[in-house]
**Q** 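Before I ask anything, here is the structure I am working with.
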There are 2 protein chains.
Amino acid sequence: MRDPSAFLRKHGLPITAQRLAVLRAVSAHPHSTADALAEAVRAEIGSISRQAVYNALGTLVEKGLLRRIQPAGSPALYEDRVGDNHHHLICRTCGKTVDVACAVGDRPCLKAADNAGFKIDEAEVIYWGTCPECLPLAPARSEEQSPLKISESDKPTQNPSI
Amino acid sequence: MRDPSAFLRKHGLPITAQRLAVLRAVSAHPHSTADALAEAVRAEIGSISRQAVYNALGTLVEKGLLRRIQPAGSPALYEDRVGDNHHHLICRTCGKTVDVACAVGDRPCLKAADNAGFKIDEAEVIYWGTCPECLPLAPARSEEQSPLKISESDKPTQNPSI
DNA sequence: ATCAAAATATTGACAGAGTCTAAAAAAATA
DNA sequence: TATTTTTTTAGACTCTGTCAATATTTTGAT
């Protein structure tokens with residue numbers, strides 16, 4: 001997004017310092033939590049209320065400027081890459097999240113085998129696994145761990161993006 | 001699962017009334033929250049603590065007898081259909097959740113276009129849309145609403161399964 | 001049947017993430 | 001610049017889920 005101000009204006013949204021700063025923070029730190037983004041914004045413009053961050057993220061997601069992903073066991077993450085139907089690959093150990101192109105092509109994921117009468121508008125795909133850095137640390141894995149729940153002791157680098 | 005007791009024994013788990021009741025509750029009300037399951041169990045055996053429900057669900061998921069799904073914006077849901085790699089279709093309006101067979105086949109979802117060096121162990125797919133009952137209520141939809149977050153006013157049938 | 005050891009259930013406090021509300025402040029509009 | 005609309009702030013609150021200590025139940029062997 002080249003001109004965030006123009007975009008906000010186009011949608012009839014008042015342009016505020018908070019919204020612009022949140023937008024820049026997401027762009028600079030994709031796949032970050034609301035909390036991490038609030039910190040990033042504070043580093044840039046001094047201060048912002050928690051609610052203002054949630055407000056900004058909420059309306060920007062609603063208007064389609066941002067995308068919210070909510071992995072199991074993790075707070076919501078935000079990114080500014082929208083409209084290309086890409087998916088995500090998340091490390092169960094450190095939480096690192098990377099984008100992956102849709103495996104099936106452009107937007108075919110929207111077709112379920114049987115839609116049960118639903119009108120489907122989104123296919124959300126999350127690949128769970130272990131990232132290259134964490135592979136040597138935890139080669140074996142039992143049936144399931146609570147994903148993204150890192151005990152304070154064995155976390156290598158939480159929120160590596162920010 | 002025909003004989004839950006045998007299964008528990010096989011895994012070295014003590015057989016408790018709570019675990020068996022939770023198991024039956026999930027079987028009777030698939031795609032329910034921990035809270036709803038607690039209610040169902042209470043209706044059957046009188047009482048159970050919240051923690052016991054979480055404990056039972058946790059260990060049963062861990063042992064592979066149950067599956068936990070955690071849709072964005074919703075508390076975790078549980079089901080007893082495991083091991084067949086099916087996916088889910090969720091109504092944004094009323095939260096109704098139905099099973100759908102994997103569109104691509106047996107377990108090919110495990111292949112991402114580019115695995116970025118990750119060792120992928122699960123592909124989680126959720127189709128978001130509007131169910132037949134809710135379609136007439138909300139024909140138009142803006143870019144995104146907070147999924148599964150139903151304002152008290154316009155919810156048709158929350159937790160229809162229980 | 002009974003008893004000791006191990007595991008689970010209960011209870012109540014606690015934590016993280018997010019929402020709600022009313023009042024204050026800032027943008028937009030005229 | 002005055003007015004109206006919208007956003008921001010601050011703080012209380014809710015909802016899911018977890019932690020920890022104690023009481024209870026299962027187990028397995030007598």
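No experiment lies behind these values; they were computed from the predicted model shown. A, B, ... follow the sequence lines: proteins, then strands. Residue 1 opens every chain.
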**Q** May I ask you to decide whether B:Lys96 forms a salt bridge with B:Glu133, counting only side-chain N to carboxylate O separations under 4.0 Å?
**A** yes
**Q** Counting only heavy atoms from other residues, nucleotides and ligands, does the tally under 6.0 Å from CG of A:Asp35 exceed 12?
**A** no
**Q** Reckon B:Gln18 touches a base, only the sugar-phosphate, or nothing at all at heavy-atom distances under 4.0 Å?
**A** sugar-phosphate
**Q** Which part of the nucleic acid does A:Ala76 contact within heavy-atom distance under 4.0 Å: base, sugar-phosphate only, or nothing?
**A** sugar-phosphate
**Q** What is the distance from CZ of B:Arg9 to P of D:dT27, rounded to the nearest Å?
**A** 7 Å
**Q** Go through C:dT8, C:dT19, D:dT8 for me and flag the one nearest to the B:Thr16 side chain.
**A** C:dT8
**Q** Less than 4.0 Å between a side-chain N and a carboxylate O, is that true for B:Arg92 and A:Asp121?
**A** yes
**Q** Ignoring the backbone of A:Gln51, work out which of C:dA27, D:dT8, C:dC20 is nearest its side chain.
**A** C:dC20
**Q** So which nucleotide from D:dT6, D:dA12, C:dA7 ends up closest to the side chain of B:Pro14?
**A** C:dA7
**Q** Just to be sure I understand the rule, does B:Arg19 reach a base, reach only the sugar-phosphate, or reach nothing, if contact means heavy atoms closer than 4.0 Å?
**A** sugar-phosphate
**Q** Quick one: B:Ile45 CD1 to D:dT25 P, roughly how many Å, whole number?
**A** 12 Å
**Q** For the pair made of CG in B:Leu8 and P in D:dT26, what is the distance, rounded to whole Å?
**A** 13 Å
**Q** Compute the ring centroids of A:His86 and A:His88, then answer whether they are less than 6.0 Å apart.
**A** yes
**Q** What contact category does B:Ser49 fall into here, base, sugar-phosphate, or nothing, at under 4.0 angstrom with non-hydrogen atoms?
**A** base
**Q** Which nucleotide in the set D:dT18, D:dT7, C:dA28 lies at the smallest distance from any side-chain heavy atom of A:Leu13?
**A** D:dT7
